[in-house]
Amino acid sequence: MPPAGPRAALLLLLPPLLLLRAALAVPLDRGAPKEGSPATETPDTGLYYHRYLQEVINVLETDGHFREKLQAANAEDIKSGKLSRELDFVSHHVRTKLDELKRQEVSRLRMLLKAKTDAEQEPNVQLDHLSLLKQFEHLDPQNQHTFEARDLELLIQTATRDLAQFDAAHHEEFKRYEMLKEHERRRYLESLGEEQRKEAERKLEEQQRRHREHPKVNVPGSQAQLKEVWEELDGLDPNRFNPKTFFILHDINSDGVLDEQELEALFTKELEKVYDPKNEEDDMREMEEERLRMREHVMKNVDTNQDRLVTLEEFLASTQRKDFGDTGEGWETVEMHPAYTEALGRSQGRLEAQKRELQQAVLQMEQRKQQQQQGHNAPAPGPEGQLMFQPHNTDDAPVPAPAGDQKEAAASEKKAPEQPPELPPLDAQHL
């Protein structure tokens, strides 16, 4: 999942202002952390420059001037690069550390480039490092020795773009996983005998039936879902549900917002209704996809400024919405969601079409082979379009062709035999 927590929020960088503030742990009128609250570790973002990004954050945290300016900044200040220019006023000690971090990052990228080119080219080829470094957009390649305002601006812009695509990439990866799983299941069934296949299909249907038999899953963020957490996890009276108290209870680090990690923790009870790691029929990969979908649903409906953080004001406003108490039939789980069932159906359609194409190609080759083997028995055109057959009795003298056709027959014998047609290329990713 994407990184979460106050410092890790910069690694989300959407939008820059609140997330940058959160990442640098600037106290935006937030209360003191709860006593005994566990320290939040920053998960790896998966970006190839994650370590560099994290180390820049760590260094900027130590400068009081930059933190002060960050508190007073607005979204336009960050987007325009005004905040990045404040880097000129940070302490010499901080700038020295940032310069060293950039030199280390440039050196690391050069090593990566060299390893790549060594694998692809002949040795002793002179590399134009400046041109090659331009493909890395999270730093300024023109200046490879010092960390400037432009570097901070590029780092924010690049990480914003890259991490904005995280959830979409996760969904696509999950779809590929489901398609491959279904494809492997079908291949396994085809490898079995008839009786074994029927038994395997019966077992699969039973597993799917058990998986579908679960209590109603409440819509994430609805009154029913929050009250269930309030009663069963918090141990409080459901008749005395209070949204503000609920928010404070689940703002684990008391930073005044519910981040993605704190939100996803609220869905555990709903997920446990559907998924149990002890059950063979419950796929834990599907459970994590379900958790992501639930979080996206809440963010879409509650996070009005789309900064991937839910403030108390946004949370309270969501509890006043008309649909807060109306959940209808409940939450539609991932295996029933049209986006996944349709994608799986399209994938299977492509697989079946590819299979038919392969079978047709093999059949054509067999037919061509048979025609070539039987060529000496094939009928030859005779006078006035009549078909003349060669005798099978080798003791008999061959019947000569008409004089006018002998030249044509000799010329046809000199022609190269016709080659069998090439098979159409198969798309490996659909198999």
Side-chain angles (χ1 to χ4, degrees), residues 1-12 14 18-19 22-23 25 30-31 33-45 163 166-167 170 174 214-236 238 241-277 282-303 306-316 318-319 324 327 330-331 333-334:
M1 66 184 69
R7 293 178 65 250
L10 174 58
L11 304 181
L12 297 171
L14 294 171
L18 290 179
L19 294 171
R30 297 169 185 173
K34 297 176 183 177
E35 185 176 352
S37 296
T40 304
E41 294 185 1
T42 304
D44 195 320
T45 61
L163 288 167
F166 177 89
D167 289 347
H170 186 284
F174 177 74
H214 55 73
K216 176 184 175 181
V217 179
N218 294 311
V219 175
S222 67
Q223 184 179 48
Q225 190 260 319
L226 299 181
K227 276 190 173 183
E228 191 170 60
V229 174
W230 173 274
E231 179 181 10
E232 300 192 19
L233 296 184
D234 300 333
L236 299 174
F241 174 74
N242 183 291
K244 184 175 182 179
T245 303
F246 182 94
F247 183 94
I248 295 171
L249 283 173
H250 294 277
D251 178 15
I252 305 301
N253 53 14
S254 298
D255 63 354
V257 295
L258 296 180
D259 58 38
E260 294 181 338
Q261 193 174 30
E262 290 167 331
L263 279 176
E264 290 183 357
L266 301 178
F267 311 141
T268 301
K269 185 66 181 176
E270 302 304 320
L271 293 169
E272 288 177 347
K273 295 177 181 178
V274 185
Y275 301 97
D276 185 342
D282 296 338
D283 189 334
M284 295 300 103
R285 183 90 176 257
E286 289 184 3
M287 183 184 75
E288 291 309 313
E289 175 70 9
E290 198 75 74
R291 192 190 304 274
L292 173 58
R293 291 181 60 239
M294 288 180 169
R295 188 247 295 164
E296 287 180 326
H297 174 82
V298 172
M299 285 296 189
K300 180 181 178 181
N301 292 283
V302 181
D303 179 25
Q306 298 182 351
D307 64 356
R308 301 179 80 155
L309 298 168
V310 176
T311 64
L312 175 60
E313 291 73 19
E314 289 173 330
F315 182 78
L316 295 179
S318 72
T319 64
F324 178 63
T327 59
W331 178 251
T333 52
V334 65

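What you see below is based on every heavy atom in this structure, not just the backbone, and it leaves out hydrogens, waters and symmetry mates.
Evaluation of the side-chain hydrogen bond (donor to acceptor under 3.5 Å, both in side chains) rule for Thr245 yields Asn242 as partners, not counting sequence neighbours. With sequence neighbours excluded, the residues satisfying side-chain hydrogen bond (donor to acceptor under 3.5 Å, both in side chains) with Glu296 are His171. Applying the side-chain hydrogen bond (donor to acceptor under 3.5 Å, both in side chains) criterion to Glu272, with sequence neighbours excluded, gives no partner residue. Scanning for side-chain hydrogen bond (donor to acceptor under 3.5 Å, both in side chains) contacts around Asp276 gives an empty result, with sequence neighbours left out. Here His297 pairs with Trp331 under the ring pair (Phe, Tyr, Trp, His ring centres under 6.0 Å) rule; sequence neighbours left out. With sequence neighbours left out, Asp303 forms a salt bridge (charged side-chain N to carboxylate O under 4.0 Å, His left out) with no residue at all.
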Using side-chain contact (heavy atoms from CB on, under 4.5 Å), reason through Val298 and Phe267 one step at a time and then give a plain yes or no. CA-CA 11 Å; Val298 172; Phe267 311 141; 3.7 Å; yes
Can Leu271 and Thr268 be said to form a side-chain contact (heavy atoms from CB on, under 4.5 Å), step by step? CA-CA 5 Å; Leu271 293 169; Thr268 301; 5.6 Å; no
Quick one: do Leu263 and Val302 satisfy side-chain contact (heavy atoms from CB on, under 4.5 Å)? Show the steps, please. CA-CA 11 Å; Leu263 279 176; Val302 181; over 6 Å; no
Take Asp251 and Val257 through the test side-chain contact (heavy atoms from CB on, under 4.5 Å) and record every step on the way to the result. CA-CA 6 Å; Asp251 178 15; Val257 295; 5.6 Å; no
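Looking at Gln225, its side chain does come within 3.5 Å of a backbone N or O of Gly221 through a donor-acceptor pair. Counting only distance, with no hydrogens or angles, the side chain of Lys244 and the backbone of Leu316 share no donor-acceptor pair below 3.5 Å. A donor-acceptor pair under 3.5 Å is formed between the side chain of Glu262 and the backbone N or O of Ile252. No donor-acceptor pair under 3.5 Å is formed between the side chain of Glu264 and the backbone N or O of Gln261.
In this structure, His250 and Leu258 approach most closely via the heavy-atom pair O-CD2, 3.4 Å. The two atoms that bring Lys216 and Lys273 nearest to each other are O-NZ, 2.9 Å, heavy atoms only. Considering every non-hydrogen atom in both Glu270 and Asn218, the closest pair reads OE1-N, 2.9 Å. For His170 against Leu292, the heavy-atom pair with the smallest separation is ND1-CD2, 3.2 Å. The two atoms that bring Phe246 and Leu226 nearest to each other are CE1-O, 3.5 Å, heavy atoms only. Summarising the geometry of Tyr275 relative to Glu290, their closest heavy-atom pair is OH-OE1, 3.4 Å, with the distance given to 0.1 Å.
Here the side chains of Val310 and Met299 are in contact, with some heavy-atom distance below 4.5 Å. Side-chain contact between Glu288 and Arg291 is present, with at least one heavy-atom pair separated by less than 4.5 Å.
In this structure, OG1 on Thr319 lies 7.5 Å from CZ on Phe241, to the nearest 0.5 angstrom.
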